[in-house]
Colleague: 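One structure follows; several queries about it will come next.
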Amino acid sequence: MQHDDCHDRICPRILALRDGRTVLVREIRPEDEDMLDDAFDRLCKEARYSRFFHAVRSVPVDILRPRAAGPYGHVVAWVALSGEGSDQSMVGGARYVTDDTGEACEFAVTVADDWHRLGLARQLMCLLMDIARRRHVRRMEGTVLATNTGMRALALQLGFRDLPVPDDYSLRSVMRDL
């Protein structure tokens, strides 16, 4: 589904997962709010904590309407959808938000609990890195719980460095030059 005119845009695409299922990946839209709420409600407490680093009971407002600082900042925010029509559900999401220079970005990836170990997070990360490179972002980084061994392992496989966060042993900083 990727087209030549997608160089600087995010065009919808189909991703094939390890178990043979496929998901549609596209930009998040304001009308996704109900689907996002449903997906958030299905996440276990540990997954919510891993994503937000504290107990969260509802979807933060900036998830649906992310913003970047400064004149050169930008946001890329995708959702991964399974099913079709009224049976469609959100099974993952990925985003990055640049700093005000547009040269570095912070990423986040979330995958529904029952969609882990299918290659979805890896493919979402690769898509994020690809568009970041095309938009001339030079560095991608993220903050990960030290106990989130799955995300840390994925980051290492993708060439990220895994460093301690000064003064907080519970967090790790993963970063990669693009």
Side-chain angles (χ1 to χ4, degrees), residues 2 6-15 17 23-29 36 39 43 47-54 56 59-60 62-81 90-112 115-178:
Q2 191 172 359
C6 293
H7 174 72
D8 227 16
R9 296 182 319 117
I10 303 169
C11 291
R13 59 200 73 195
I14 302 292
L15 301 180
L17 305 179
V23 294
L24 169 67
V25 177
R26 63 160 171 77
E27 287 184 280
I28 196 166
R29 302 174 186 155
L36 182 63
L43 286 176
R48 290 180 192 180
Y49 191 85
S50 286
R51 171 63 177 85
F52 299 104
F53 307 141
H54 62 277
V56 178
V59 178
D62 68 335
I63 295 295
L64 193 59
R65 294 174 185 84
R67 295 190 175 173
Y72 302 105
H74 66 271
V75 175
V76 170
W78 283 325
V79 292
L81 306 172
M90 194 175 294
V91 297
R95 71 180 46 233
Y96 76 69
V97 178
T98 62
D99 63 9
D100 59 351
T101 68
E103 292 187 7
C105 69
E106 183 173 5
F107 76 87
V109 174
T110 304
V111 173
W115 287 75
H116 286 198
R117 306 213 182 287
L118 299 174
L120 180 55
R122 175 189 257 306
Q123 291 188 67
L124 290 171
M125 280 296 298
C126 288
L127 290 171
L128 281 181
M129 292 185 324
D130 180 53
I131 198 156
R133 279 187 202 101
R134 288 188 278 137
R135 291 186 175 186
H136 308 290
V137 175
R138 295 176 186 218
R139 187 178 70 253
M140 183 173 274
E141 52 195 42
T143 304
V144 181
L145 286 174
T147 56
N148 189 345
T149 55
M151 186 65 227
R152 290 178 63 199
L154 174 60
L156 287 172
Q157 290 170 10
L158 295 173
F160 284 73
R161 291 175 290 149
D162 185 329
L163 305 167
V165 170
D167 301 324
D168 193 338
Y169 68 90
S170 68
L171 298 175
R172 302 292 292 184
S173 177
V174 295
M175 59 183 62
R176 177 192 163 136
D177 291 333
L178 298 173

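For this chain, numbers begin at 1 and follow the sequence in order.
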Colleague: Under the rule for side-chain hydrogen bond (donor to acceptor under 3.5 Å, both in side chains), what residues qualify as partners of Glu141, not counting sequence neighbours?
Modeller: Arg139
Colleague: Dump the intermediate steps for side chain to side chain contact (heavy atoms under 4.5 Å, CB included) on Val111 and Leu118, then the final yes or no.
Modeller: CA-CA 10 Å; Val111 173; Leu118 299 174; over 6 Å; no
Colleague: For His74 and Thr98, indicate whether the former's side chain and the latter's backbone hold a donor-acceptor pair under 3.5 Å.
Modeller: no
Colleague: Provide the closest heavy-atom pair for Ala108 versus Leu128 in the form atom of the first, atom of the second, distance.
Modeller: O-CD1, 4.4 Å
Colleague: Can you find a heavy atom in the side chain of Val79 that is under 4.5 Å from one in the side chain of Arg29?
Modeller: no
Colleague: Got a sec, which pairs hit salt bridge (Lys or Arg N to Asp or Glu O under 4.0 Å) with one end in residues 119-128, sequence neighbours left out?
Modeller: none
Colleague: Looking only at heavy atoms, what is the nearest atom pair of Ala94 and Leu124, with distance?
Modeller: CB-CB, 3.9 Å
Colleague: Over all heavy atoms of both residues, which pair between Gly102 and Val137 is shortest? Give the atoms and the distance, please.
Modeller: O-CG2, 3.6 Å
Colleague: How would you list, by chain and number, every residue that makes a side chain to side chain contact (heavy atoms under 4.5 Å, CB included) with Ala153, sequence neighbours excluded?
Modeller: none
Colleague: If we only count heavy atoms from C-beta on, is the Met90 to Leu81 side-chain gap below 4.5 Å?
Modeller: yes
Colleague: Indicate the atoms forming the closest heavy-atom contact of Gly119 with Leu17, along with that distance.
Modeller: C-CD2, 4.5 Å
Colleague: So which pairs with a foot in residues 169-178 pass salt bridge (Lys or Arg N to Asp or Glu O under 4.0 Å), sequence neighbours left out?
Modeller: Asp162-Arg172
Colleague: Counting distance only, does the side-chain N/O of Arg152 pair as donor-acceptor with the main-chain N or O of Ala146 below 3.5 Å?
Modeller: yes
Colleague: Can you see which heavy atom on Glu27 is nearest to which on Trp78, and at what distance?
Modeller: N-CD1, 3.9 Å
Colleague: Could you work out, with side chain to side chain contact (heavy atoms under 4.5 Å, CB included) as the rule, every residue matching Asp168, not counting sequence neighbours?
Modeller: Val165, Ser170, Leu171
Colleague: Closest approach of Phe160 and Met140, non-hydrogen atoms and distance?
Modeller: CE2-O, 3.7 Å
Colleague: Holding to side-chain hydrogen bond (donor to acceptor under 3.5 Å, both in side chains), I want the full list of residues that pass it with Arg133, two or more places apart in sequence or in another chain.
Modeller: none
